[in-house]
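Have a look at the structure below before the remarks.
Note that the coordinates shown come from a computational prediction; the quantities given were computed from them, not determined experimentally. We use all heavy atoms of the structure for the numbers below, so side chains are in, but hydrogens, waters and symmetry mates are not.
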Amino acid sequence: MNALEEKTYRLSFDNNDILLLLCGQHNVNLAKIEKSLNVTIDSFGNELRIKGAFEQTKLAGDVVQTFFKQISADSDPKIAATGPLIDDILRLVENGQDVAKTSSKSDVFASTWRKKIFARTKGQLEYFNSIKKNEVVFGLGPAGTGKTYIAVAMAVDFLKSKKVEKLILSRPAVEAGERLGFLPGDMKEKVDPYLRPLYDALYDMMPAEKVERMLLSGEIEIAPLAFMRGRTLNNAFVIIDEAQNTTSVQMKMVLTRLGRDSRMVITGDLSQVDLPLNQFSGLADATARLRDISGVGIFRLSGSDVVRHPVVARILAAYDTKQS
């Protein structure tokens with residue numbers, strides 16, 4: 001069939017409530033798909049009819065079905081449908097990625113108590129798979145690529161499926177060195193402000209009361225990096241966030257804490273190192289030393305994996321152009 005030949009592609013859905021959310025208020029989401037893929041979409045009851053060139057209608061159909069699946073999987077479909085999700089899916093298409101494959105149920109998401117987490121870019125999909133395959137994974141990349149969020153998603157998935165007994169979340173507590181004594185409160189109160197992104201991800205994937213209960217029971221532990229020394233972390237999923245601000249000594253120390261039946265994901269952005277000028281980032285040192293070690297995965301996300309507001313990707317591109 002000629003790719004330019006006009007075709008009508010029909011899709012039926014078994015949940016009219018989700019379909020209404022998919023269309024959006026005044027069909028705003030359908031309008032985005034129409035504009036991006038040069039098709040027209042009409043709704044008739046529980047059916048959408050997509051008209052346009054053959055290849056474009058197929059792409060639009062994949063976008064619609066991916067969008068429907070991911071809205072349905074979210075704990076709050078209304079928020080998912082009104083958020084940036086449709087823009088992320090369309091950006092995949094613009095980057096030449098196969099959204100039908102990227103949203104494949106068997107390969108892509110972590111299952112948490114509140115939602116299923118889907119990879120939104122090819123890079124995120126490969127990052128997911130690297131965490132599944134390796135005992136230690138370094139996730140590097142700029143802001144907004146989902147490197148921390150995906151790590152937390154996999155950690156919650158492992159805890160929910162009882163592959164590990166606890167989650168341990170850590171990071172350098174002060175941007176240019178761990179000076180916890182200058183902060184008011186007990187240890188948890190000192191560390192909490194620096195772990196806010198990890199908390200936000202946890203509360204997005206788990207009911208608040210479950211997070212609080214697991215924090216009390218120790219199934220979820222918030223551990224300042226300096227307090228890892230001397231421990232052996234067995235049967236745990238460990239996340240070290242903002243690791244670009246570790247020293248080489250700290251990085252070696254935390255990597256050697258890994259015990260039996262455990263996983264560790266270390267995330268960071270080497271373009272945002274806040275250490276003093278005379279100190280070399282432990283993250284940069286470790287990724288250079290360990291790149292050929294079996295069981296260690298080093299994965300780099302890029303500006304094309306940014307899933308925040310589209311302007312963030314353009315800002316990152318502008319900075320990269322200026323630096324080069």
Where is the tightest heavy-atom contact between [X] and [Y], given as atom of each residue plus distance?
X	Y	answer
Ala151	Val265	CB-CG1, 3.7 Å
Asn134	Gly295	CB-O, 3.4 Å
Ala243	Ile266	CB-CG2, 3.3 Å

Are the aromatic rings of Phe68 and Phe13 close, with centres under 6.0 Å apart?
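Judged by ring-centre distance (under 6.0 Å), Phe68 and Phe13 do meet the cut-off.
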Distance check, rounded to the nearest 0.5 Å: [X] atom [atom1] versus [Y] atom [atom2]?
X	Y	atom1	atom2	answer
Leu202	Leu159	CG	CG	9.5 Å
Met205	Asp200	CE	CG	10.5 Å
Lys116	Lys69	NZ	NZ	11.0 Å
Thr256	Arg229	OG1	CZ	8.5 Å

For the residue pair Lys7 and Phe54, would you count it as a cation-pi contact if the rule is NZ or CZ under 6.0 angstrom from the ring centre and within 45 degrees of the ring axis?
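Relative to the ring axis of Phe54, which defines the angle, Lys7 lies outside at least one limit.
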With sequence neighbours left out, what residues match Tyr9 under ring-ring contact (aromatic ring centres under 6.0 Å, His included)?
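By the ring-ring contact (aromatic ring centres under 6.0 Å, His included) rule, Tyr9 matches no residue at all.
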Which residues share a ring-ring contact (aromatic ring centres under 6.0 Å, His included) with Phe67, sequence neighbours left out:
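Phe67 satisfies ring-ring contact (aromatic ring centres under 6.0 Å, His included) with no other residue.
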With a cut-off of 6.0 Å (strictly less than), are more than 12 heavy atoms of other residues, nucleotides or ligands near CG of Asp261?
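More than 12 heavy atoms, drawn from other residues, nucleotides or ligands, come within 6.0 Å of this atom.
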Checking the side chain of [X] only, and the main-chain atoms of [Y] only, is there a donor and an acceptor separated by less than 3.5 Å?
X	Y	answer
Glu135	Met264	no
Ser36	Lys32	no
Asp157	Ser111	yes
Arg263	Val137	no
Asn29	Leu22	yes

Can you tell whether the side chains of Glu221 and Arg231 come within less than 4.0 Å, N to carboxylate O?
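Judged by the 4.0 Å cut-off on N to carboxylate O distance, Glu221 and Arg231 do form a salt bridge.
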Which residues share a salt bridge (Lys or Arg N to Asp or Glu O under 4.0 Å) with Asp269, sequence neighbours left out
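If we apply the salt bridge (Lys or Arg N to Asp or Glu O under 4.0 Å) test to Asp269, skipping adjacent residues, there are no hits.
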